[in-house]
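The block underneath contains the structure these notes are about, expressed in structure tokens.
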Amino acid sequence: MRAALLIVLAFLLATPGYAGPQAFSPEVAADLSAEEQRLEAERHLALEPPDLVEARRWLESAAEGGSVEAMAAAGWLYEQGLGVEPDATRALEYYTQAYEAGENEYGLRIGWLHIQGLGMEPDRAEGEAWFRRVIEERDDSAARLALGTMLIADAAASLRPDRAIEARDLLDRALQDGITEAAYYLAQIHVEGIGNLPADPRRAAYYMRIGAEAGNPEMQGWLALLHARGDGVPMDLVEAHKWASLAASGGDTTGERLRRELATHLDQAELLESRRRALQWLNEQ
């Protein structure tokens, strides 16, 4: 969307007779659609330096006209205090409008604002309620991921050990819906044993493999360590070196250390086999 918008702006700026962004006035706005008003805001934002005040005026008018993108952008300006005093209440109003217009991500944004207490008193219960609302109203697994991570934190801190089971179920559903990030937290649950769920090396390895196959460098490093130890998976130093090499290439420092250590225990044929497996994995992506 951003790239497309920049193309539009470049076209407009190159058009003969283009006079630049218009100053906001109710009279001018009345003759423009909500989308046209939002584009006026974008033109003000494209200036050097951006004219945040004029952009906000156009965005607020476009939001009133029904532009969901303008609602979200106006909320961001108020949240961050860009061109206006920070105002969490106004930000929440615009984010709520965007959510109610069908943009699930702003329901999550509202939840995190309450939890983190950005510009207001933290309200964890209200944040959790928003995550549950997005799940119930929109069947949204991004909200399941967000709520699941919160419940893990509660269980890990022994505040509510019983919440580990709900967290696992939420994350499992998110993973089924294609959110592979959930595999990281599921692996964490089963590696450590959280709340009233015991450690389970085999389940931990199962989720680590999902994350590793999805290309997560940290989980590739974890899987390498499991293969090096034979913990929940067969001990296989060649396979461990393969995953450690992939993790290291992705910037994982643990993977890099493990790759170097494993290399001292493998002969030349084994190192070549490890590299062959790593290249095969990369070619299959």
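Being a predicted model, the structure only gives us computed values, none of them experimental. Index from 1, following the sequence.
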Is Arg257 salt-bridged to Asp252, cutoff N-O under 4.0 Å?
no

Mind running side-chain contact (heavy atoms from CB on, under 4.5 Å) on Lys242 and Val238 for me, showing each step along the way?
CA-CA 6 Å; Lys242 161 197 156 180; Val238 173; 5.9 Å; no

On the 0 to 90° scale, with breaks at 30° and 60°, tag the Tyr94-Tyr78 ring pair as parallel, tilted or perpendicular.
parallel

Can you name the one residue among Glu126, Glu128, Glu100 that meets salt bridge (charged side-chain N to carboxylate O under 4.0 Å, His left out) with Arg133?
Glu100

Pair Arg160 + Glu166, salt bridge at N-O below 4.0 Å
no

CG-CG distance between Leu45 and Leu82, expressed to the nearest 0.5 angstrom
9.5 Å

Ignoring hydrogens and angles, tell me if any N or O in the side chain of Trp130 forms a donor-acceptor pair with the backbone of Leu113 under 3.5 Å.
no

Under a 4.0 Å threshold between the charged nitrogen and the carboxylate oxygen, would Glu105 count as salt-bridged to Arg109?
no

Among pairs that include at least one residue of residues 191-203, which meet side-chain hydrogen bond (donor to acceptor under 3.5 Å, both in side chains), considering only residues two or more places apart or in two chains?
Arg203-Tyr207

Please identify which of these residues, Glu40, Glu54, His44, meets the side chain to side chain contact (heavy atoms under 4.5 Å, CB included) condition with Phe24.
Glu54

Is there a chain of hydrophobic side chains (I, L, V, M, F, W, Y, each step under 4.5 Å between heavy atoms) that links Leu170 to Trp112?
yes

May I ask you to decide whether Asp177 forms a salt bridge with Arg173, counting only side-chain N to carboxylate O separations under 4.0 Å?
yes

Are the aromatic ring centres of Tyr99 and Tyr106 under 6.0 angstrom apart?
no

